[in-house]
Amino acid sequence: MQMLEKAGKAKALVLTLVYQDGTTQLDPEQKLGPPVCGLLALMKNDLDCSTPEDPLGPNDSLVYLKLEHTPAWAQQHAHTSQEHFTRDVLLQVLSRSQPVVCYKAKDFLRTALQFYRRDLSWKRVAGCLIQDPQVSGWLLDPANPSSCYQDLLNKHSKRPPTTSALGVKKVSRVISGLCSLFWLNMELCSKLQSQGLWELYSDMELSMISVLAAMESHRIHVDKDALKRTSDLLGTKMKQLEQEAHRAAGQMFLVTSNTQLRTVLFEKLCLHERCENKKLPKTVNKQQQSTSEAALLQLQDLHPLPKIILEYRQVHKIKSTFVDGILSCMMSKNYISSTWCQTSVVTGRISAKHPNFQALPRQPLQITKKQYIQGKEEEVVTVHPRAMFIPQEGWTFLAADFCQVELRLLAHLSADPELLRIFTHPQADVFTMLASQWKGVSEVEVTSEDREHAKRVVYSVVYGAGRERLSGILGVSGEQASRFQDSFLQTYREVQAFIQRTVQKCHNQGYVLSIMGRRRTLPNINSPNWGVRMQAARQAVNFVVQGSAADLCKTAMIRIFNLVSSSGSLSARLIAQLHDELLYEVEDSQVERFAALVKSTMESLQHIDHLGVHLKVPLKVAVSSGKSWGSMSELHIPPSLSPPSPLH
DNA sequence: GCCCTGACGCTACG
DNA sequence: CGTAGCGTCA
C-alpha cells in the first residue's frame with residue numbers, strides 16, 4: 001500500500017514490459033516476441049540530482065509487478081493481494097496527470113488490457129497520457145525510424161552514455177536503461193517543441209497510442225472452417241492451372257518462378273519478337289523482360305500461356321496471403337487481431353501486419369470449379385476473404401468512408417476554382433463531373449470508360465505516378481498516358497501551380513508540411529542527379545496530400561474514440577482503419593445512432609478551429625453496414641438524426 | 001541433406 | 001507515392 005501511494009505521488013513514472021526470457025522493451029527486438037511476465041516501473045522524484053553515473057536518486061524507487069494469468073477455475077476467490085496491487089497500479093498509471101514514459105507504449109497498454117480483460121474496460125485507456133519516445137523519434141524524422149531503443153538513444157543523446165555495459169549486472173543495466181529513457185524523453189520533447197511538432201505529438205499521436213491499443217486488444221471473429229475449405233478449393237484450382245500452364249508452354253516449369261517464366265516466354269516462345277509495336281515493361285533493378293501483369297496483358301493475344309499465368313497468380317495470391325496467411329495468424333484460436341504500427345509510414349499513415357488488414361482484396365474472386373457430378377459439370381464459386389470476417393452475435397459491422405479525401409484535399413490545397421466547384425456544387429458523381437469537364441462533353445455523355453479514366457488519371461497525379469505506371473494501369477501507350485496527365489493539368493491550372501509551389505517550398509526550406517504540421521524532410525530535393533531530384537519532388541507533393549489525409553483520418557479516429565469512451569451507453573469498437581475508411585463493430589440496437597454520430601463527427605472535420613484548419617471543400621462520408629465484411633450495403637442517414645457538432 | 005539471409009520480382013490495399 | 005507479404009534464387 002505504501003508503494004501504491006508512492007507511485008501516485010511520484011513526479012514521473014518510467015515503465016517497461018519484462019519478458020519471460022528476462023529481456024525488456026529496451027533490448028533489441030526478438031524475432032518472436034516472448035510472452036510478457038511482468039512490468040518494471042521506475043518512480044522518479046529526483047529530477048535534478050541524478051546523473052548517468054548514479055542514475056538512481058535517493059528519492060527514486062523501483063517496483064516490479066508480476067503479470068500472470070490465474071486459471072479460470074481459481075479466479076472466483078483467489079485474487080491475491082499482489083494481483084490487486086498490480087491492477088491498482090495499472091489503473092493509476094492510466095488516470096494520473098503526471099507524466100508516464102514508456103518506449104513502445106502501445107504494447108504496454110495492450111498488455112494491460114489483455115491481462116485485465118474483465119476488470120479493465122478498453123474505454124479506460126482513452127484518457128491516459130502516456131509518452132512514447134519511439135513516436136517522438138519518428139515524428140522528428142519519419143523517413144528513418146530507429147530500429148530499437150539503443151538505436152534511438154544513439155541518435156538523440158548528446159554524449160555516449162554509461163561506459164561498457166559488459167560485466168555489469170543485468171539489473172543495473174535495466175535501471176540505467178529506464179533512467180536514460182526518462183532523459184531521452186525530455187530531450188525528444190524539447191526537440192519536438194523547437195520543430196513545431198509538439199501539438200501534433202501531444203494532441204494527435206499520443207492519443208493514437210490508446211486508440212491502437214484498444215483496437216489491437218479486440219478479437220475479430222473469423223470463419224475458420226470456411227477458410228480451410230477455401231484453401232483446399234484454391235489448392236486444387238492451382239494444380240489444374242499449373243497443368244494447363246505446362247501444356248501451353250510445352251514443358252514443365254515452376255509456375256511461381258518469374259525467372260523460369262521469363263525463359264519460357266522470351267527465350268523459348270520468343271513472344272517479344274511478335275509485338276514490336278508495343279513496348280514491354282522491364283524489371284526495375286536488372287532491366288530484364290518483365291513478367292508483370294502489365295507485360296502479360298500485352299502478350300495475352302499471342303499465346304494462351306499469359307492468361308493462364310495471370311489467373312494462376314490471382315489464385316495463388318489469394319491462397320497464400322489471404323487464406324493460408326490468415327490461418328497461420330490464427331494459431332489455435334478462432335479469432336485474429338492485427339498489429340497496428342504507428343511509426344512505420346513516412347507520410348503519417350498507419351500500417352497493419354499479421355495479418356495486413358489493409359490489403360485484403362476488395363473484390364471477390366470467381367472460380368470455375370470442374371467437377372464430375374451428374375447434372376452439372378461446372379460450378380462457379382466466389383471466393384471472398386473479407387466475407388470470412390464476422391461480427392459477434394448481436395453485433396454488426398459498420399464502415400465509414402471519407403469519399404475522395406485526397407482529391408478533396410487537392411482541391412483545397414490548390415484552391416483550383418474548377419475543382420472546388422465540383423465539390424461545392426455536386427450535381428453528379430464526382431468522377432463523372434470531372435470527366436465531363438476534362439473532356440468537354442456533357443455529363444450524360446460521359447461513358448463509364450471515361451469516368452474510370454478520369455479516376456485513374458486523377459490518382460496518378462495525386463500519387464505522383466509516372467506515365468509508365470499510368471499506362472500500365474490504364475492499358476494504353478505511355479505516350480497517351482502522358483497526354484492524359486498533361487490535359488488534366490491544363491484543365492486544372494491551379495493544381496499545377498500547387499505542385500510547383502510545393503516543390504519550390506521544399507527546395508527553399510528542405511522540408512514540406514501537412515495541414516496539421518506533420519513534417520517530412522527531403523534532402524534529395526537538391527540532388528545533382530536529375531532522377532533522384534525528381535523523385536524527391538514527387539515525394540514532396542505526395543506527402544502534402546497523403547499526409548494531410550492521414551491527419552484527418554487520425555483525428556476522426558480519436559474523436560470517435562473519445563465520444564464512445566465517455567458515453568455510458570455506446571459500445572462500438574474500432575476493428576480496422578483502411579486509410580480513408582474506418583470499420584467498426586456495433587451493437588445491433590445502436591447501429592443507426594452510431595452511424596449518425598460517426599458521419600457527423602467525420603464531416604465536421606472540415607473546420608477545426610483550434611488548429612486553424614478550414615477546408616475550402618466539404619467532407620463527405622459514406623456509411624455502410626453488414627453482417628460480414630464481405631457484404632456491406634450503404635446506410636442512408638436522415639440529416640435530422642445527426643447530433644449537433646460534437647466536442648473536440 | 002538442413003535452415004537462414006538478403007536481393008529481387010510481383011501484387012494486394014489505399 | 002508507400003505500406004505488407006508471398007515467392008524464387010544464390
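Each chain gets a letter, A, B and so on, in the order the sequences are listed, and its residues count up from 1. The figures here come from the full heavy-atom set of this structure, side chains too, leaving out hydrogens, waters and symmetry mates.
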Requested in this report: Would you indicate what A:Lys353 reaches in the nucleic acid, counting non-hydrogen atoms under 4.0 angstrom: base, sugar-phosphate, or nothing?
Outcome: sugar-phosphate
Report task. For A:Leu360, report the nucleic acid contact type (base, sugar-phosphate, nothing); a contact means any heavy atom under 4.0 Å. Result -> sugar-phosphate
Query raised in the report: Which part of the nucleic acid, if any, lies within contact of A:Gln535, taking any heavy atom under 4.0 Å across all strands shown: a base, the sugar-phosphate backbone alone, or nothing?
Result: sugar-phosphate
Query raised in the report: Atom CZ of A:Phe253 and atom P of C:dG7: how far apart are they, to the nearest Å?
Result: 17 Å
Query raised in the report: For A:Glu293, which contact category applies under a 4.0 Å heavy-atom criterion: base, sugar-phosphate, or nothing?
Result: sugar-phosphate
Query raised in the report: Using a cut-off of 4.0 Å on non-hydrogen atoms, how would the nucleic acid contact of A:Ala352 be classed: base, sugar-phosphate, or nothing?
Result: sugar-phosphate
Report task. Quick one: label A:Gln358 by what it contacts on the DNA or RNA (base, sugar-phosphate, nothing), any heavy atom closer than 4.0 Å. Result -> sugar-phosphate
Query raised in the report: Between A:His316 and B:dC10, is there a side-chain N or O to OP1/OP2 distance below 4.0 Å?
Result: no
Report summary line: From CZ of A:Arg386 across to P of B:dC13 the rounded distance in Å is 7 Å
Query raised in the report: How long is the line joining CD of A:Gln289 and P of B:dC10, in whole Å?
Result: 11 Å
Requested in this report: Could you tell me whether A:Arg349 contacts a base, only the sugar-phosphate backbone, or nothing, with contacts defined as non-hydrogen atoms closer than 4.0 Å?
Outcome: base
Query raised in the report: Which part of the nucleic acid does A:Val346 contact within heavy-atom distance under 4.0 Å: base, sugar-phosphate only, or nothing?
Result: sugar-phosphate
Report task. Flag the pair A:Phe397 / A:Phe389 as yes when their ring centroid distance falls below 6.0 Å, and as no otherwise. Result -> no
Query raised in the report: Is there a donor-acceptor contact under 3.5 Å linking the side chains of A:Ser527 and A:Asn529?
Result: no
Query raised in the report: Can you check whether A:Ser351 has a side-chain N or O nearer than 4.0 Å to OP1 or OP2 of C:dA4?
Result: yes
